[in-house]
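Protein chains get the first letters and strands the later ones, always in sequence-line order, with residue 1 at the start of each.
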Protein chains: 2
Amino acid sequence: MNAVIQEHNSSSIHAAPVAKPVVRPAPGAGFDLDALRSHMLVQMHKLEAGKALYRAGQPFRSLFLVHAGFLKNTLVSEDGRERVTAFHMRGDVLGTEAIGTSMHVCSAVALDSSVVWEVPYTCLLRAGAADPSLQARLADILAAEMRNDRRWMLAQSTLGAEQRVASFLLHMAARHEDLGFSGRRFMLRMSRMDIASFLALKHETVTRALSHLADLGCIRIQLRDVQITDPSRLEQLSQQNERIH
Amino acid sequence: MNAVIQEHNSSSIHAAPVAKPVVRPAPGAGFDLDALRSHMLVQMHKLEAGKALYRAGQPFRSLFLVHAGFLKNTLVSEDGRERVTAFHMRGDVLGTEAIGTSMHVCSAVALDSSVVWEVPYTCLLRAGAADPSLQARLADILAAEMRNDRRWMLAQSTLGAEQRVASFLLHMAARHEDLGFSGRRFMLRMSRMDIASFLALKHETVTRALSHLADLGCIRIQLRDVQITDPSRLEQLSQQNERIH
DNA sequence: CGACAGTTTGAAAAAATTCAACGGAAGTGG
DNA sequence: CCACTTCCGTTGAATTTTTTCAAACTGTCG
């Protein structure tokens, strides 16, 4: 089990800027795996970077609990427009957006080699009847995801490009810290395009914002290796508008 | 019960552009009220336009099923930035974003005189243990709301201002039609500012987009009275980019 | 090595915002 | 009912922000 985590840490990382190799038990977000196992068969899946966990159009049958790795969730419209709606890591639950439908509308793609546990949805519902705390947990997870979505909706309508990028970095830092890794230095697992899509910007704009934040001295960034050198300044920049050209 | 609907139809409407006074039983979105009543006490509340159903900071105890009227849901950040995250009408469930927390983070405000049924959340959970279909229903509602949020997130990152406004009008039209009203002519219950906030635009931009759509001849609009004169053209404009200055 | 996807930067263009002004509708209080 | 105020909506012009287009550069991988 820990071996998987180790594998995760070292995969596709070269300079390996991982400060704390401490792996916390399980974050408050997801399901308690042991509780699930007492009710149903939970199957493990390993995914290489680039592979899809599910794709829009496939039948919806299961939720997936992320055990290790990093994935993105993308929504595609009929006319081909696409957007990254969320990034997921250890403790997150994937596939929730398909609940109540027969087919996936979103695709979930691994951005790093990942390990997930498959939770058949009908089994989960059946288990919820026996264990009421489970259904409450499911509702909590869905609502938390909704709050998260809305947080970013708020950011998009009220924050400029640079502020959004700053917020994004801080958010990623916080998530890494929650999992016991360094919030000061980490690897972005997604491309500039993915970040851009998620923040409703173009990839050039993201690059420019990152370069500018680096110029201001609050971060250092090389490709996907991020160091937050001045967190409080970055925090400040994520809220106010300090534009020095 | 129908009297309430009648009251709703005529309130704050002058030219009264309501074509079909047909009121459909209950849309697929929300809960079945009778099913809920067999499990718990469901209280009714009436709200005048402008009054809040709940506000950020208040303790979370109940969900609300909209029976009549029109409400907006707004998210406010600590530093005062605000945004409309959703509009709700008959059949929708409000308060879901607070599930799993003790306090509301959002405010729900009536934009027209409204009637809601209060569903105490702990009662709902308890009822879910007895009636498993109820918990599945709750999950469905939450997931549907998530899909809706993401639909708009996609729109914001891939559509221009005018396209977003066109999409918005079509969406409102469809919702009105679902409820048995005319999808061709209806009253916007919210201000330009509210639309702008929801679409991540400024109110002037929304006005300009509406004026331009009217110039192109696919809608007619006077203040909040909307007529969709060329739905297929509007549909087209909501996807492609046809800019005639 | 060479191809290639991802990243960076610059300059021009487009889109949306800001600022400002005005007109109309609704509401208040005499 | 009118005067007055306030909120909402519209429009124009200048400005800012973001995008688009183009080119170059950098690791990665076969």
Side-chain angles (χ1 to χ4, degrees), chain A residues 11-15 48-50 72 81 84 109 111-112 155-166 187-197 199-215 219-226 237 240-245, chain B residues 11-15 48-50 72 81 84 109 111-113 155-166 187-215 219-226 237 240-245:
Chain A
S11 74
S12 70
I13 294 177
H14 314 273
E48 290 168 43
K72 69 173 172 181
R81 295 170 0 244
V84 175
V109 176
L111 294 177
D112 194 359
Q156 276 156 43
S157 66
T158 56
L159 265 36
E162 193 171 307
Q163 298 171 306
R164 277 182 244 181
V165 172
M187 274 286 177
L188 294 172
R189 306 304 213 293
M190 72 298 284
S191 70
R192 299 284 188 269
M193 289 254 301
D194 286 333
I195 300 174
S197 175
L199 295 177
L201 297 168
K202 298 297 164 194
H203 68 98
E204 295 98 326
T205 310
V206 172
T207 290
R208 275 184 246 277
L210 287 170
S211 300
H212 190 231
L213 290 173
D215 288 348
I219 66 166
R220 212 172 302 178
I221 186 162
Q222 179 145 27
L223 279 311
R224 300 186 179 187
D225 173 10
V226 189
L237 284 168
Q240 300 160 205
N241 213 333
E242 183 176 344
R243 207 152 263 288
I244 304 164
H245 293 283
Chain B
S11 77
S12 71
I13 294 176
H14 314 274
E48 292 168 42
K72 68 174 173 180
R81 293 168 3 243
V84 175
V109 176
L111 294 176
D112 193 0
S113 45
Q156 277 155 44
S157 67
T158 56
L159 264 36
E162 195 171 304
Q163 298 170 307
R164 275 181 245 180
V165 172
M187 274 287 178
L188 295 172
R189 306 305 213 296
M190 74 297 285
S191 70
R192 299 286 190 268
M193 290 252 308
D194 285 332
I195 300 174
S197 175
F198 180 66
L199 295 177
L201 297 169
K202 298 298 164 192
H203 68 96
E204 295 99 326
T205 310
V206 171
T207 290
R208 275 185 247 276
L210 288 171
S211 299
H212 191 232
L213 290 173
D215 288 348
I219 65 166
R220 211 172 301 177
I221 186 163
Q222 179 143 26
L223 277 311
R224 300 187 180 185
D225 174 8
V226 189
L237 285 169
Q240 299 160 203
N241 213 334
E242 183 177 343
R243 206 151 264 289
I244 305 164
H245 291 286

Looking at five pairs on each end of the helix from C:dC1-D:dG30 to C:dG30-D:dC1, what is the angle between the two axes, given to 10 degrees? 50°
Over how many whole Å does the gap from A:Leu188 atom CG to D:dG27 atom C1' extend? 16 Å
N/O donor-acceptor pair under 3.5 Å between A:Arg189 side chain and A:Arg224 backbone: no
Nucleotide D:dT17, atom P - distance to CD of A:Glu204 in whole Å: 18 Å
So if I take every side-chain heavy atom of B:Ala161 and compare against D:dT19, C:dT17, C:dA16, which nucleotide ends up nearest? C:dA16
Separation of A:Leu111 CG from A:Asp194 CG (nearest 0.5 Å): 6.0 Å
For the atom pair NE2 (A:His212) and CD (A:Glu162), what is the distance rounded to the nearest 0.5 Å? 5.0 Å
With nearest nucleotides of DNA chain D determined for A:Ala200 and B:Ser211 from heavy-atom distances, which residue corresponds to the more 5′ nucleotide? B:Ser211
In this structure, how many angstroms lie between the P atom of C:dT8 and the CZ atom of A:Arg224, rounded? 10 Å
Closest to the side chain of B:Thr207, out of D:dT19, D:dT10, C:dT18, is D:dT10
Separation of A:Met187 atom CE from C:dG6 atom P, in whole Å? 16 Å
Which donor-acceptor pairs under 3.5 Å do side chains of residues 203-211 of chain B form with protein atoms, sequence neighbours excluded?
residue: B:Thr207; atom: OG1; partner: B:His203; partner atom: O; Å: 3.3
residue: B:Ser211; atom: OG; partner: B:Thr207; partner atom: O; Å: 3.0

Whole angstrom value for the distance that separates P of C:dA16 from CZ of B:Arg192: 18 Å
Shorter than 3.5 Å, N or O on both sides, protein versus nucleotides 24-26 of chain D: list them out with atom names.
none

Confirm from the modelled atom types if A:Arg208 and C:dG10 form a donor-acceptor pair under 3.5 Å, side chain to base only. yes
About how many Å separate OG of A:Ser157 and NZ of B:Lys202, when rounded to the nearest 0.5 Å? 7.5 Å
Looking at A:Leu199 and A:Gln156, what are the two nearest heavy atoms and their distance? O-CG, 3.9 Å
So what does A:Ser191 hit on the nucleic acid, given a heavy-atom distance under 4.0 Å: a base, only sugar-phosphate, or nothing? sugar-phosphate
C:dA16 phosphate, OP1 or OP2, under 4.0 Å from B:Thr205 side-chain N/O: no
Tell me the closest heavy-atom pair linking A:Met190 and A:Ile195, and the distance in Å. CG-CG1, 3.5 Å
From B:Arg81 CZ over to A:Leu159 CG, what is the distance, rounded to the nearest 0.5 angstrom? 4.5 Å
d(CG, A:Leu213; C1', C:dT8) in whole Å: 15 Å
Once rounded to the nearest 0.5 Å, what's the spacing between atom CG of B:Leu223 and atom CE of B:Met187? 8.0 Å
Which whole-number value in Å describes the distance from B:Arg164 CZ to C:dT17 C1'? 13 Å
Roughly, in whole Å, what's the span from NE2 in A:His212 to C1' in D:dT17? 13 Å
